[in-house]
Amino acid sequence: MPELPEVETVVRRLRPLLVGAKLKSSKYHDAKLRTAPLEKFVGTVTAVRRSGKNILVDFNSGSSISFHLRMTGNLLWEKRSSKNGSTQVGGAILNHSDEKHLRCRLNFDRGELRFVDIRRFGTVELIREPKAPGALPIDPIEDPLDADILAKLIGSSRQQIKVWLLRQDRLVGIGNIYASEILFSAKISPFRAANSLEAPERKRLVKSTLAVLQKAIQRCGTTFSDFHDPDGASGSFQNFLKVYDREDKSCRSCRTSVARAVQAQRSTYYCPKCQD
DNA sequence: ATTATATCCTGATCGC
DNA sequence: TGCGATCAGGATATAA
C-alpha cells in the first residue's frame, strides 16, 4: 500500500530515468484510468517529484502528469534496448500479472514507463497549472512540523487520532500501515481524540512521525503485497513493522498481545499496554 | 462547519 | 474441487 515512503522511493528511482527524457506518445489500456486526452501529450521531462502520495512528472511546457498508485499501482520502467527488442524491466521479465494489469504505457525516447494496477484504483491525470503553494496540507518530510504546528493542524478536531492521521487534507503521506506504526512509536492510544493530546504527546507524535517515515524511506518502503519500485525491486520495511498485521503476536516492547481494532472501516493495530 | 459511511476494484483466503 | 462470502485500503462522493 503505497504511502509516503513508497511514493518517495518510486520518485527517487524514476528521477534519473526520466529527467531529460522525451515523451513521444502514450497508450491507455483502461478507459477508466484516463482523465484527459493524454495520447497526444508530448514534451521533455524537467523534474520528477512527490506531492503527498502523488508522483508528479513535470514537462518543459509547464504541464505535469500526476500519478497516484492508490492501493496496488506500480510504475515499471522498461529501458529501450538498442541491441534487441527484449521486454526487460529492470532485468526482470515482465510477468504475466503485469501484462494482464497493464493500464497505460508512456513511450519515451529512452524507454517506456508502464502503469500497472491490479485493482484499478490508481489514477493518471494531466495538470496544466501548478497548484498554488498554500499552508495546507503539511508534508511531514518536506515542511517544518512541531508540536505547535500539529496543534494548529488538529484544531478542534475530535476525531480519533488514528483516523485523523489518515487525513490528507491536513497532513499528507500517512496511510494505514504507518498510522499504526507511528502511534505505537509515540505510545499513544489510537482511540484518543485528536484535540485531547497534550503538548508532550504532540511532541512525541511529531518525533515518531518523522522517525518512522524516515526509517521507512531508508528501507525503500514496505512491500506488503504489491509494492515494487520502477526496477521491480521490493522495499524491506515490512521486516521492521512493530504492530501492523501482528494481531495476537507479542508486543516487541512488553510482550503483551498486539490488538486489532476497526476504525473508519480500517484495521488498527496497537499494544493495549504500551499505548494505554 | 465537521464527521461518518458507502463505494470503487480484484485477488487471496476461508468455511463449507 | 468449487463456490460464495469476506477482507485488504486511498480517496471521494454522499449523508448526517
Side-chain angles (χ1 to χ4, degrees), chain A residues 1-11 28-36 50-56 66-75 95-104 115-125 127 131 136-140 151-183 190-197 213 216 221-228 234-235 237-238 241 243-248 258-270:
Chain A
M1 303 126 204
E3 304 179 28
L4 188 153
E6 291 74 34
V7 176
E8 182 67 27
T9 298
V10 171
V11 165
Y28 290 76
H29 302 266
D30 183 355
K32 177 180 183 286
L33 186 67
R34 188 182 57 244
T35 56
R50 179 181 65 76
S51 174
K53 297 178 189 173
N54 293 280
I55 297 160
L56 296 182
S66 176
F67 296 92
H68 198 306
L69 305 177
R70 286 297 213 280
M71 297 295 299
T72 54
N74 276 300
L75 281 170
N95 66 41
H96 174 70
S97 178
D98 290 340
E99 287 283 8
K100 183 178 177 182
H101 303 113
L102 181 63
R103 304 303 174 194
C104 80
F115 188 80
V116 177
D117 184 18
I118 295 173
R119 286 166 68 181
R120 304 171 69 203
F121 281 1
T123 58
V124 180
E125 56 185 320
I127 298 176
K131 191 172 60 179
L136 290 178
I138 293 284
D139 186 301
K152 285 177 182 166
L153 290 176
I154 289 173
S156 61
S157 176
R158 301 181 56 83
Q159 283 181 303
Q160 293 176 322
I161 188 62
K162 157 63 172 11
V163 177
W164 188 89
L165 284 174
L166 299 177
R167 294 180 59 161
Q168 304 300 302
D169 61 336
R170 293 292 186 276
L171 190 61
V172 291
I174 298 171
N176 209 43
I177 294 176
Y178 295 112
S180 284
E181 293 298 314
I182 287 166
L183 287 172
F191 306 108
R192 291 282 301 281
N195 68 351
S196 76
L197 295 182
L213 293 179
T222 301
T223 294
F224 231 79
S225 53
D226 301 290
F227 171 69
H228 296 287
S234 303
F237 196 70
Q238 64 274 14
L241 295 176
V243 287
Y244 184 82
D245 202 36
R246 296 194 67 246
E247 184 179 15
D248 294 335
V258 171
R260 172 181 175 271
V262 174
Q263 295 177 281
Q265 268 83 4
R266 302 288 180 265
S267 290
T268 298
Y269 299 89
Y270 65 104

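Throughout, a chain's letter reflects where its sequence line sits, starting with A, and its residues are numbered from 1. For the numbers below, each heavy atom of this structure counts, side chains included, while hydrogens, waters and symmetry mates do not.
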Worksheet item: Does the side-chain hydrogen bond (donor to acceptor under 3.5 Å, both in side chains) test come out yes or no for Thr72(A) and Arg119(A), once each step is laid out?
Response: CA-CA 6 Å; Thr72(A) 54; Arg119(A) 286 166 68 181; 5.3 Å; no
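Two end axes, each from the C1' atoms of five base pairs, can be drawn for the helix from dT2(B)-dA16(C) to dC16(B)-dG2(C); they diverge by 50°, to 10 degrees.
Where DNA chain B meets chain A (any atom under 4.0 Å from a heavy atom), the bounding nucleotides read 5' to 3' are dT3(B) to dG11(B).
Taking 4.0 angstrom as the limit, His68(A) places a side-chain polar atom (N or O) nearer than this to OP1 or OP2 of dA11(C). Distances shorter than 4.0 Å separate some side-chain N or O of Ser267(A) from OP1 or OP2 on dA8(C).
Between Phe67(A) and Phe115(A), the ring-plane angle classifies as parallel under the 30° and 60° cut-offs.
At whole-Å resolution of the value, CD in Glu6(A) and P in dG10(C) are 10 Å apart. Between the CZ atom of Arg120(A) and the C1' atom of dA11(C) there is a distance of 17 Å, rounded to whole Å. The interatomic distance linking Leu33(A) (CG) with dG10(C) (C1') rounds to 15 Å, in whole Å. The nearest whole Å value for the distance from the CZ atom in Arg266(A) to the P atom in dG10(C) is 7 Å. Rounded to an integer number of Å, the gap from CD of Gln265(A) to P of dG10(C) is 13 Å. Per the geometry, CG belonging to Asp169(A) stands 13 Å off C1' belonging to dG10(C), to the nearest Å. Protein atom CG of Leu166(A) is 11 Å distant from nucleotide atom C1' of dA11(C), rounded to whole Å. Look at CZ on Arg260(A): it is 11 Å from C1' on dT6(C), rounded to the nearest Å.
Proximity of a side-chain donor or acceptor of Glu3(A) to a complementary backbone N or O of Ile177(A) within less than 3.5 Å is detected. When atom types are taken as modelled, the side chain of Gln263(A) and the backbone of Thr268(A) share no donor-acceptor pair closer than 3.5 angstrom. Of the possible donor and acceptor atoms, one in the side chain of Gln168(A) sits under 3.5 Å from a partner among the backbone N and O of Leu166(A). Using a distance-only test at 3.5 Å, with no hydrogens or angles considered, no donor-acceptor pair links the side chain of Arg260(A) to the main chain of Val258(A). No donor-acceptor pair closer than 3.5 Å links the side chain of Asp139(A) to the backbone N or O of Val172(A). Checked by atom type and distance alone, the side chain of Glu181(A) pairs as donor or acceptor with a backbone atom of Tyr244(A) at under 3.5 Å.
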If you restrict it to nitrogen or oxygen atoms, what contacts under 3.5 Å exist between nucleotides 13-16 of chain C and the protein, and what is each distance?
none

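Taking the salt bridge (Lys or Arg N to Asp or Glu O under 4.0 Å) definition, one finds that Arg192(A) meets it with Glu201(A), sequence neighbours left out. In terms of the side-chain hydrogen bond (donor to acceptor under 3.5 Å, both in side chains) criterion, Tyr269(A) has no residue partners (sequence neighbours excluded).
One can find a donor-acceptor pair under 3.5 Å joining the base of dA8(C) and the side-chain atoms of Arg119(A).
Among the atoms of the strands shown, none is found under 4.0 Å from any heavy atom of Arg103(A).
Residues from residues 154-162 of chain A that place a heavy atom under 4.0 Å from any atom of DNA chain B, listed by number: Ser157(A), Arg158(A), Gln159(A).
Comment: Asp30(A) engages Arg120(A) in a salt bridge, judged by a side-chain N to carboxylate O separation of less than 4.0 angstrom.
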